[in-house]
Number of protein chains: 2
Amino acid sequence: MRTSYLNIKTEVMNRIRQNIWPPGAIVPGEVALAQEFGCARATVNRAMRELEQDGVLERKRKAGTRVKHAPSQKAHFAIPLTREEIVAGGNAYRYVLVDKAVVPVPVWLRAKMEIEKGAQCLHLKCMHFADGRPYQFEDRWINLAAVPKAAEADFEKVGPNEWLVRQVPYTEGKVDVSAGAASNDVSELLDVDVGSPVFVVERTTWLDGHGVTFARLHFPPTYKMTTRF
Amino acid sequence: MRTSYLNIKTEVMNRIRQNIWPPGAIVPGEVALAQEFGCARATVNRAMRELEQDGVLERKRKAGTRVKHAPSQKAHFAIPLTREEIVAGGNAYRYVLVDKAVVPVPVWLRAKMEIEKGAQCLHLKCMHFADGRPYQFEDRWINLAAVPKAAEADFEKVGPNEWLVRQVPYTEGKVDVSAGAASNDVSELLDVDVGSPVFVVERTTWLDGHGVTFARLHFPPTYKMTTRF
DNA sequence: TAGTGGTCTAGACCACCCC
DNA sequence: GGGTGGTCTAGACCACTAA
């Protein structure tokens with residue numbers, strides 16, 4: 001085809017990189033570009049809309065389209081299932097359930113997930129291994145009021161994350177990433193020294209505003225979360 | 001307007017959540033949906049295309065559109081300028097250049113950024129403070145062959161990241177996030193114990209395949225990278 | 001090879017919002 | 001008020017690929 005929206009995207013990017021359209025400059029309107037490229041406005045529109053999503057352009061009705069001063073950089077991290085992540089890395093995956101208990105929801109968790117008082121929850125401790133080496137320690141809490149079926153699952157074969165994603169898909173959530181010090185438990189399970197650095201990912205998940213699950217994932221300091229942008 | 005692509009998106013999401021279209025199920029084709037919703041196929045197409053981007057659907061020519069078994073969860077973290085990040089948090093920002101030197105590119109950096117042998121680079125050490133407390137220690141390397149102008153900048157007032165983003169926008173890069181142990185230098189600058197956990201963000205940046213800059217950002221363990229999905 | 005999504009067009013109406 | 005992007009339409013051709 002003569003003019004694809006992709007061609008327009010790359011052409012626009014070229015002009016920006018070559019400083020023909022410097023940061024802050026206003027870009028010709030859609031009608032003008034459509035005429036220049038000899039295509040329909042809808043085609044230009046799609047190209048420009050995607051460039052806006054990519055963080056390169058700023059668009060406002062009436063004001064027109066401008067080149068962003070500082071392109072908003074976004075790192076886009078995928079959050080795969082641990083099993084898939086390990087297998088994708090070419091390693092053998094092994095999962096072990098370390099501990100399982102039904103307990104009243106602790107106060108800190110109630111605050112974090114906005115759970116009603118007196119609810120019961122399932123507390124799981126799991127290990128994930130890659131080629132026999134400790135890969136991740138998963139400290140997981142599941143709100144049984146939100147997911148009653150979890151009480152019947154045994155979690156011996158399938159990890160809670162994988163189970164949950166099948167039972168309660170399409171949830172909303174929050175992710176916190178940080179560095180922490182290995183506690184006694186964690187250091188033993190991950191086979192690192194007490195107090196040494198541990199990479200921590202915390203995930204809180206809601207469904208329709210109800211707290212579903214909270215997980216704290218601990219990785220040895222060899223672990224890196226990587227992405228390109 | 002009667003049928004917006006947004007209405008279609010929410011309606012489709014509802015059907016998925018209510019298990020009318022369970023995971024793995026094939027969804028009616030675009031023509032069928034267009035007829036059902038009483039709109040043009042292009043409208044349905046946009047809705048479905050965006051839902052695919054959102055990780056909810058899988059689309060293949062001829063095979064049709066299916067609901068994903070496990071929705072691919074993506075967290076996308078914004079990477080703001082440190083100054084803006086601190087100011088946005090309601091804190092006073094202060095920047096200090098700790099050290100600056102022109103040196104031959106070290107071997108490990110040449111390997112990482114694919115820089116030609118014998119090139120010179122600028123090595124900067126900077127501190128960022130939030131309300132007087134150490135917020136980030138920035139260990140930055142700039143390839144002078146790629147950014148000659150950097151040799152003239154003094155980096156006393158403006159940090160290298162902010163300077164670079166203005167001089168060399170629209171680059172490609174890689175981000176690695178991990179946990180590390182504080183070295184002697186870092187522990188002193190961040191005011192933490194030697195060997196204690198430090199949150200580390202490493203960013204490598206290329207322009208047209210040429211290594212531009214590498215930065216290792218160290219945060220005290222109180223720091224958390226947060227996002228919602 | 002037939003059916004599905006991928007894309008483009010030419011035209012239209014509208015909502016928003018800077019000037 | 002008027003110009004800009006936001007969206008929708010009805011129709012068309014094409015590319016890919018599963019059956």
Side-chain angles (χ1 to χ4, degrees), chain A residues 1-16 20-72 74, chain B residues 1-16 20-72 74:
Chain A
M1 72 216 61
R2 299 294 291 256
T3 75
S4 104
Y5 75 100
L6 290 173
N7 293 336
I8 298 181
K9 279 184 77 171
T10 57
E11 175 59 22
V12 169
M13 277 307 291
N14 284 341
R15 294 186 188 182
I16 291 175
I20 300 173
W21 293 340
I26 197 161
V27 169
E30 295 189 349
V31 271
L33 289 176
Q35 197 162 15
E36 182 197 334
F37 290 118
C39 67
R41 182 165 83 93
T43 306
V44 175
N45 181 277
R46 176 160 181 194
M48 304 302 267
R49 186 158 26 89
E50 291 197 358
L51 283 173
E52 181 189 26
Q53 263 204 316
D54 296 347
V56 173
L57 298 177
E58 250 180 341
R59 320 190 75 200
K60 271 186 214 162
R61 290 171 147 113
K62 165 66 180 177
T65 300
R66 291 178 175 280
V67 182
K68 273 204 180 181
H69 279 99
S72 53
K74 295 177 194 171
Chain B
M1 75 215 59
R2 300 295 293 256
T3 76
S4 103
Y5 75 99
L6 290 174
N7 294 336
I8 298 181
K9 279 184 76 172
T10 58
E11 174 59 21
V12 169
M13 278 306 290
N14 284 341
R15 293 186 187 182
I16 291 175
I20 299 174
W21 293 340
I26 196 160
V27 169
E30 294 189 351
V31 271
L33 289 176
Q35 197 161 14
E36 182 196 334
F37 290 117
C39 68
R41 183 165 82 94
T43 306
V44 174
N45 182 277
R46 178 162 180 194
M48 304 301 267
R49 185 156 29 87
E50 291 198 358
L51 283 172
E52 182 188 26
Q53 262 205 316
D54 296 347
V56 173
L57 297 177
E58 251 180 341
R59 321 189 74 198
K60 270 188 216 161
R61 291 169 147 116
K62 165 68 179 176
T65 300
R66 292 177 176 279
V67 181
K68 273 204 179 182
H69 279 98
S72 54
K74 300 174 191 172

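Here is how names work: the chains are called A, B, and so on, in the same order as the sequence lines, proteins then strands, and each is numbered from 1. Since the structure is predicted, the reported quantities are computational estimates derived from the model, not experimental observations.
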If you measure only the distance, is there a donor-acceptor pair under 3.5 Å linking the side chains of R41(A) and N45(A)?
-> no
Under the salt bridge (charged side-chain N to carboxylate O under 4.0 Å, His left out) rule, what do D54(A) and K9(A) come out as? Steps first, then yes or no, please.
-> CA-CA 11 Å; D54(A) 296 347; K9(A) 279 184 77 171; 3.4 Å; yes
How about E52(B): does its CD atom have over 12 heavy atoms from other parts shown lying under 6.0 Å from it?
-> yes
Under 4.0 Å: is that the gap between some side-chain N or O of Y5(A) and OP1 or OP2 of dT7(C)?
-> yes
Respond yes when some side-chain nitrogen or oxygen of R49(A) is under 4.0 Å from OP1 or OP2 of dG6(D), and no when none is.
-> no
Roughly how many Å is it from CD in E58(A) to P in dT4(D), rounded to a whole number?
-> 18 Å
In whole angstroms, the gap separating C1' of dT7(C) from NZ of K9(A) amounts to 14 Å
Are the charged groups of R15(A) and E36(A) less than 4.0 angstrom apart, N to O?
-> yes
Pair E30(B) + R59(B): basic N to acidic O under 4.0 Å = yes
Distances for protein N or O near nucleotides 1-5 of chain C N or O, under 3.5 Å:
unit_1	atom_1	unit_2	atom_2	d
dT4(C)	O2	K62(B)	N	3.3
dG5(C)	OP1	T65(B)	OG1	3.2
dG5(C)	OP2	E30(B)	N	3.1

Here the distance between atom P of dA10(D) and atom CD of Q35(B), to the nearest Å, is 12 Å
Report yes if a side-chain nitrogen or oxygen of S4(A) is closer than 4.0 Å to either non-bridging phosphate oxygen (OP1 or OP2) of dC8(C); otherwise report no.
-> yes
Between CZ of R46(B) and P of dC8(C) the distance, given in whole Å, is 15 Å
Using atom CE of M48(A) as one end and atom P of dC8(C) as the other, report the distance to the nearest whole Å.
-> 15 Å
Between C1' of dA10(C) and CZ of F37(A), the distance in whole Å | 19 Å
Atom CD of E50(A) and atom C1' of dG5(D): how far apart are they, to the nearest Å?
-> 16 Å
Between the main-chain N or O of G24(B) and the side-chain N or O of R66(B), is there a donor-acceptor pair closer than 3.5 Å?
-> yes
